[in-house]
There are 2 protein chains.
Amino acid sequence: MNKKNYEPIDEETLFLVSQTFKALSDPTRIRILHLLFEKECSVTEISNCLELKQSNVSHQLRFLKQLRLVKYRRDGKTLYYSHDDEHVINVLEQMIHHTRHH
Amino acid sequence: MNKKNYEPIDEETLFLVSQTFKALSDPTRIRILHLLFEKECSVTEISNCLELKQSNVSHQLRFLKQLRLVKYRRDGKTLYYSHDDEHVINVLEQMIHHTRHH
DNA sequence: TTATAATATGAATACATGAACATATGAATT
DNA sequence: AATTCATATGTTCATGTATTCATATTATAA
């Protein structure tokens with residue numbers, strides 16, 4: 001029984017993994033996701049809570065939604081966003097915890 | 001006993017977390033780290049194995065070393081690099097596995 | 001149907017980043 | 001000391017990205 005050989009990463013996986021980490025590599029998106037980890041929020045709530053421009057929040061949410069990291073439900077004029085990927089949000093929270101306690 | 005309130009992330013943690021994920025957000029760095037997860041490698045070995053320019057590998061390794069994600073030992077003219085952060089390398093491998101099997 | 005509130009979109013811009021090339025350093029060998 | 005091998009560094013360039021402003025869309029209420 002030989003030692004396991006090196007298995008290169010296929011292109012598609014490589015792209016998806018890099019995209020996912022890219023989503024987590026921006027301070028603004030981290031703050032948004034960390035907030036959504038705690039509770040569901042409307043766009044306005046996120047803007048106010050994190051002191052970000054509404055259009056900025058909207059752009060970032062589109063990015064995160066495209067990667068299926070967040071989802072939303074509508075209530076009248078208001079869209080309530082929440083996280084939509086348990087694995088990724090846990091990776092983020094683990095990293096925050098790991099970084100804080102070092 | 002009240003519900004836990006939202007705890008914002010301090011600036012330093014935010015920066016470190018974003019930097020760490022940024023290291024993982026580039027296909028070239030992912031390939032290098034994934035290779036180093038398997039085995040210790042010299043710069044030339046990495047270049048050949050992944051078909052990357054030596055200077056490119058060197059630049060990426062500097063980036064990773066600055067974040068203490070890799071370390072090296074010298075043997076003559078050769079520098080052997082290996083990963084240096086169990087938590088981060090595991091997060092990467094988990095993400096690759098998670099992405100592949102979905 | 002006009003007004004308003006909530007959110008999304010498009011364009012512009014300033015800045016960051018990855019890759020390549022050329023060259024420099026540094027260690028071993030002759 | 002000169003040569004060679006392994007790696008690092010500086011610079012340039014093209015591309016990518018985050019943010020902002022202005023405006024559009026959409027849903028509700030008056």
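Not measured: the values here are computed from a predicted model. Naming: A, B, ... by sequence-line order, numbering from 1 per chain.
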message: On the side chain of B/Thr44, is there an atom forming a donor-acceptor pair with the base of D/dC5 - under 3.5 Å, no angle test?
response: no
- prompt: Ignoring hydrogens and angles, does a donor from either the side chain of A/Gln54 or the base of C/dA8 sit under 3.5 Å from an acceptor on the other?
  reply: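 Between C/dA8 and A/Gln54, which were checked side chain against base, a qualifying N/O pair under 3.5 Å is present.
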- request: Please assess B/Tyr81 against B/Glu45 for the test side-chain contact (heavy atoms from CB on, under 4.5 Å), listing each intermediate value before the final yes or no.
  value: CA-CA 10 Å; B/Tyr81 278 83; B/Glu45 282 169 350; over 6 Å; no
Flag side-chain contact, heavy atom, 4.5 Å: A/Val17 against B/Leu24: no
field: Heavy-atom side-chain contact between A/Leu36 and A/Ile46 under 4.5 Å
entry: yes
For [X] and [N], is the shortest distance between a side-chain N/O and OP1 or OP2 below 4.0 Å?
X	N	answer
B/Arg29	C/dG18	yes
B/Ser42	D/dA6	no
B/Lys22	C/dA16	no

For [X], which contact category applies under a 4.0 Å heavy-atom criterion: base, sugar-phosphate, or nothing?
X	result
B/Thr78	sugar-phosphate
B/Asn56	sugar-phosphate
A/Tyr81	sugar-phosphate

task: Using the closest heavy atom to pick a nucleotide of DNA chain D for each, name whichever of B/Ser55 or A/Asp26 lands nearer the 5' end.
output: B/Ser55
message: Both A/Asp75 and A/Leu52 contact DNA chain D. Which one's nearest nucleotide lies toward the 5' end?
response: A/Leu52
From [atom1] of [X] over to [atom2] of [N], roughly how many Å is that when rounded to an integer?
X	N	atom1	atom2	value
A/Gln60	C/dT7	CD	C1'	15 Å
B/Gln66	D/dA8	CD	C1'	15 Å
B/Arg62	C/dG18	CZ	C1'	13 Å

[X] side-chain proximity, nearest of [options]:
X	options	result
B/Ser58	C/dA19, D/dT9, C/dT9	D/dT9
B/Lys53	C/dA8, C/dG10, C/dA20	C/dA20
A/Lys77	D/dT7, D/dA27, D/dA6	D/dA27

- prompt: Are the ring of A/His59 and the six-membered base ring of D/dT19 within the stacking cut-offs of under 5.5 Å and under 30°?
  reply: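 Answer is no, no stack.
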message: Quick one: does any side-chain atom of B/Arg29 pair with a main-chain N or O of B/Lys22 as donor and acceptor, under 3.5 Å?
response: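 Yes.
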- request: Scan side-chain atoms only and decide if B/Asp75 and B/Thr78 contain a donor-acceptor pair under the 3.5 Å cut-off.
  value: no
